[in-house]
Amino acid sequence: NNTGSTYVSFWLNVSDISSITDSDGGYFASLNSNDTAYESKIWLKPSTNPIGTTYNLSFSSLGSNPTYISEDMNVNETYLIVMSYNDTTGEINGWINPPSASATPKMTSIDSSPKSITSFILRQDSSSETPSLEIDELRIDSAFAGVLHTMEQSSSRVSIYPNPISTDIVFISGMEGSKKAVLHDLTGRVVLKTTVNNQLNIAGVKTGVYLLELAIGDKKSTKKLIVK
């Protein structure tokens, strides 16, 4: 039970949104005043119709048709999500990948009947409203600093897809920014060396099993890549 502001954060990776058919999406997480009173919800819906590979979030107390953040987020990419709720003012703030506790929220909304927060829940709204997703490193605190994760590029969060791959473009998530990419075969021979952001072009690489090394400064991740 907390008085004042409550903050919650977690790493979010949405892997599949193809099952969502509800036009206003659904909410999958909430700060609650009791087991059935959802005061501050995190909503999600596909950003395109027909459904593609991007989605939008909303941070709201509404039970339907919330206003969504216009910024598109990518399926199979990992994001740090932070939400706060003030039980005095009813102010709800939402952040996506905040670099610091002074970062401007991506969205602010108001709960007209604020209540004291007692719990946090994760839920499947329904199969037509909630996508396939993974949540990691959940934190809850009365201060922003207590939930602000270091934006480290850990190997466990970095993913490459499709894998196996039979096309030319490898997509990289969980390691944001310009990075060095080195593709080795299993003998250690360098097959490809370049600088990329979130896409790597492997046109001309022969069928086989490779190791893809990604690096930003002293942060590195190595992934096995199968080329068909």
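When a residue number appears, it is its place in the shown sequence, counting from 1. Side chains are part of it too, since the values below use all heavy atoms of this structure and drop only hydrogens, waters and symmetry mates. A quick note: this is a predicted structure, and the numbers were derived from the prediction, not measured.
- Within the 4.5 Å cutoff, no side-chain heavy atoms of I169 are placed close to those of T167.
- For the pair R123 and Y27, the distance from NZ or CZ to the six-membered ring centre is under 6.0 Å and the angle to the ring normal is within 45 degrees.
- The aromatic rings of F10 and F28 sit perpendicular to each other, their planes meeting at more than 60°, with 30° as the lower class boundary.
- Side-chain contact between E39 and P114 is absent, with no heavy atoms from C-beta onward closer than 4.5 Å.
- Listed for the S19 side chain is a donor-acceptor partner under 3.5 Å among the backbone atoms of S127.
- The minimum heavy-atom distance between L148 and P98, with the atom names listed, is CD1-O, 3.7 Å.
- Checking side-chain atoms of N97 against main-chain N and O of L80 turns up a donor-acceptor pair under 3.5 Å.
- Looking only at distances, a side-chain donor or acceptor of T118 sits under 3.5 Å from a matching main-chain atom of S33.
- Screening L192, L183, L186 for a side chain to side chain contact (heavy atoms under 4.5 Å, CB included) with Y210, the sole residue that qualifies is L183.
- Distance alone, capped at 3.5 Å, places no donor-acceptor pair between the S5 side chain and the N86 backbone.
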side-chain contact (heavy atoms from CB on, under 4.5 Å) between F171 and N76, intermediate numbers included: CA-CA 9 Å; F171 294 93; N76 285 311; over 6 Å; no
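- For N163 (side chain) and I226 (main-chain N/O), a donor-acceptor pair under 3.5 Å exists by modelled atom type.
- Between V227 and I165 the shortest side-chain heavy-atom distance falls below 4.5 Å.
- Between K228 and T207, the shortest heavy-atom distance links the atoms C-OG1, 3.5 Å.
- Side-chain contact between M73 and V14 is absent, with no heavy-atom pair separated by less than 4.5 Å.
- Judged purely by atom type and a 3.5 angstrom limit, K41 uses its side chain to pair as donor or acceptor with the backbone of L62.
- Residues W95 and S84 meet the side-chain proximity criterion, which asks for heavy atoms closer than 4.5 Å.
- For I42 against I81, the heavy-atom pair with the smallest separation is CD1-CG2, 4.1 Å.
- Under a 3.5 Å cut-off, the side chain of K223 and the backbone N or O of V158 do form a donor-acceptor pair.
- Across all their heavy atoms, T108 and E91 have their closest contact at CG2-CG, 3.8 Å.
- The two residues F120 and A29 make their nearest non-hydrogen contact at CZ-CB, 3.8 Å.
- N198 has its side chain out of reach of N74: every pair of non-hydrogen atoms, C-beta onward, lies at least 4.5 Å apart.
- When the options L57, D24, N65, I69 are evaluated for a side chain to side chain contact (heavy atoms under 4.5 Å, CB included) with W43, the one that passes is D24.
- T78 places no side-chain N or O within donor-acceptor distance of the main-chain N or O of N13, the cut-off being under 3.5 Å.
- In this structure, T6 and I140 have side chains that are in contact, with non-hydrogen atoms separated by less than 4.5 Å.
- Contact detail for K179 and I216: the closest heavy-atom pair is CB-CG1, 3.4 Å.
- When atom types are taken as modelled, the side chain of S40 and the backbone of L31 share no donor-acceptor pair closer than 3.5 angstrom.
- D87 places a side-chain N or O within donor-acceptor distance of the main-chain N or O of G4, the cut-off being under 3.5 Å.
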